[in-house]
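Structure first, then comments.
Whatever order the structure lists ligands and atoms in, that order sets their numbers, starting from 1. Residues: numbered from 1 along the sequence shown.
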Amino acid sequence: MRVGILGSGLMGGKLGTIFARAGHDVVFSYARSERKLRRLAKEAQNGARHGTPAEAAREADAVLLAVHWSRIDDVLKQAGSLSGKVIVTCSLPMNANDTGLVVAHTSSGAEALARKVPRARVVAAFGTVPSEVLFGVFEARRKTHRPSLLYCGDDDAAKNLTAGLIRDVGFEPVDAGPLRIARYTEPFTLLIAQLAYEGDRGPELAYRFQWLGK
Ligand SMILES: NC(=O)c1ccc[n+]([C@@H]2O[C@H](COP(=O)([O-])OP(=O)(O)OC[C@H]3O[C@@H](n4cnc5c(N)ncnc54)[C@H](OP(=O)(O)O)[C@@H]3O)[C@@H](O)[C@H]2O)c1
């Protein structure tokens, strides 16, 4: 599958690298230096490339949106038309100093994004775990007890595609329902961040849901 990375920082850089290692055709874009994008593509190997956001989005089966909330409009503008595209977003609607959500309760960042690109198919995924855990999850992907990863969206085909990417990274996808459930998953991430960054056990944290009934 061809995956365009819009935002090649902690999340986009690592997820793009993992997608490439899992066999996907990856194009890294949107960093402040082209040199960084070139290095990421070289290190990811497996034919990974770098380009502009428009190049990353063109012909992509899915784009990963991984920018700070304040950069969403800029990266979308640079990406051009995303009509019909699957947008997998891990971006959280955080304020400028990352202390709180600027969209919450009655909407979510994922829904606000879907309103900005009405003809795209938005799925919220990967935003509920810290970047620090991603390579560890990928390395442990053949183990039986995989960590869970929540995702939600309104388009079934886009969700199936995203569930495949989630499995490729090494998580067990947990379908949380329609996109409006991001109203719950986004604040949940603040809990995960609290445990990861304010706790004393480090940021390599994932979670696993267990249903004890039949
Ligand atoms: N980090 C996490 O653990 C984590 C976990 C869950 C969700 N999230 C969410 O995921 C999203 C991405 O987070 P992140 O930690 O990956 O952010 P990040 O490391 O800051 O990456 C953002 C990317 O955007 C690029 N960028 C910023 N300003 C730019 C500009 N003016 N022009 C071009 N490129 C620009 C950055 O460039 P440079 O590479 O040059 O800096 C970087 O590649 C955020 O919405 C965050 O809330 C993050």
### Task
Answer yes or no: does an N/O atom from Ser131 fall short of 3.5 Å to an N/O atom of ligand 1?
yes
### Task
Determine yes or no for a side-chain-to-main-chain donor-acceptor pair under 3.5 angstrom, with Glu172 supplying the side chain and Arg208 the backbone.
no
### Task
Using a strict cut-off of 4.0 Å, indicate which atoms of ligand 1 neighbour a heavy atom of Lys36.
38 (P), 39 (O)
### Task
Give the atoms of ligand 1, by number and element, whose distance to some non-hydrogen atom of Pro130 is under 4.0 Å.
3 (O)
### Query
What do you reckon, does Val129 put a non-hydrogen atom under 4.0 Å from ligand 1?
yes
### Task
Tell me, please: is Tyr197 in heavy-atom contact with ligand 1, that is, under 4.0 Å?
yes
### Message
Can you check which of Met11, Arg71, Arg35 brings a heavy atom nearest to atom 48 (C) of ligand 1?
### Response
Met11
### Task
Run the numbers for me: atoms of ligand 1, each under 4.0 Å from some heavy atom of Ala66, listed by number.
11 (C), 12 (C), 22 (C)
#### Entry: Asp74 N/O to ligand 1 N/O under 3.5 Å
no
### Query
Backbone N or O of Tyr151 within a donor-acceptor pair of the Lys159 side chain at under 3.5 Å?
no
### Query
With a 4.0 Å cut-off, strictly under, does atom 20 (O) of ligand 1 pick up any protein heavy atom?
no
### Message
Would the distance check show the side chain of Ser83 and the main-chain N or O of Arg119 forming a donor-acceptor pair, the cut-off being under 3.5 Å?
### Response
no
### Side chain Glu55, main chain Thr52, donor-acceptor under 3.5 Å
yes
### Message
Counting non-hydrogen protein atoms only, what is the nearest one to atom 36 (C) of ligand 1? Give residue, atom name and distance.
### Response
Arg32 NH2, 4.0 Å
### Task
Could you find the nearest protein heavy atom to atom 44 (C) of ligand 1 and give me its residue, atom name and distance?
Val67 O, 3.2 Å
### Task
Among Val63, Ile87, Val88, find the residue that satisfies the side-chain contact (heavy atoms from CB on, under 4.5 Å) test when tested with Leu6.
Val63
### Message
Below the 3.5 angstrom mark, is there an N/O of Leu10, backbone or side chain, next to an N/O of ligand 1?
### Response
yes
#### Entry: Nearest neighbour in protein (non-hydrogen) for atom 46 (C) of ligand 1
Leu92 N, 4.2 Å
### Query
Does any N or O in the side chain of Ser148 come within less than 3.5 Å of the main-chain N or O of Phe209, such that one atom is a donor and the other an acceptor?
yes
### Query
Given His24 and Asp61, is the side-chain hydrogen bond (donor to acceptor under 3.5 Å, both in side chains) satisfied, shown in steps?
CA-CA 10 Å; His24 297 293; Asp61 299 297; over 6 Å; no
### Closest to atom 42 (C) of ligand 1 among Cys90, Gly9, Gly7, Ala196 (heavy-atom distance)
Gly9
### Query
Taking 4.0 angstrom as the limit, do Glu111 and Arg183 come out as a salt bridge?
yes
### Task
Out of Tyr30, Phe28, Phe126, Trp69, indicate the one that has the non-hydrogen atom closest to atom 26 (N) of ligand 1.
Tyr30
### Query
Who are the ring pair (Phe, Tyr, Trp, His ring centres under 6.0 Å) partners of Phe188, not counting sequence neighbours?
Tyr207
### Message
Taking Arg49 first and then Asp25, would you say they form a salt bridge - that is, a charged N and a carboxylate O separated by under 4.0 Å?
### Response
yes
### Task
List the closest protein heavy-atom neighbour of atom 6 (C) of ligand 1: residue, atom name, distance to the nearest 0.1 Å.
Gly127 O, 3.2 Å
### Task
Find the distance between CE (Met11) and CD1 (Ile5) and round it off to the nearest 0.5 Å.
10.5 Å
### Query
Any N or O of Ser8 that comes nearer than 3.5 Å to an N or O of ligand 1?
yes
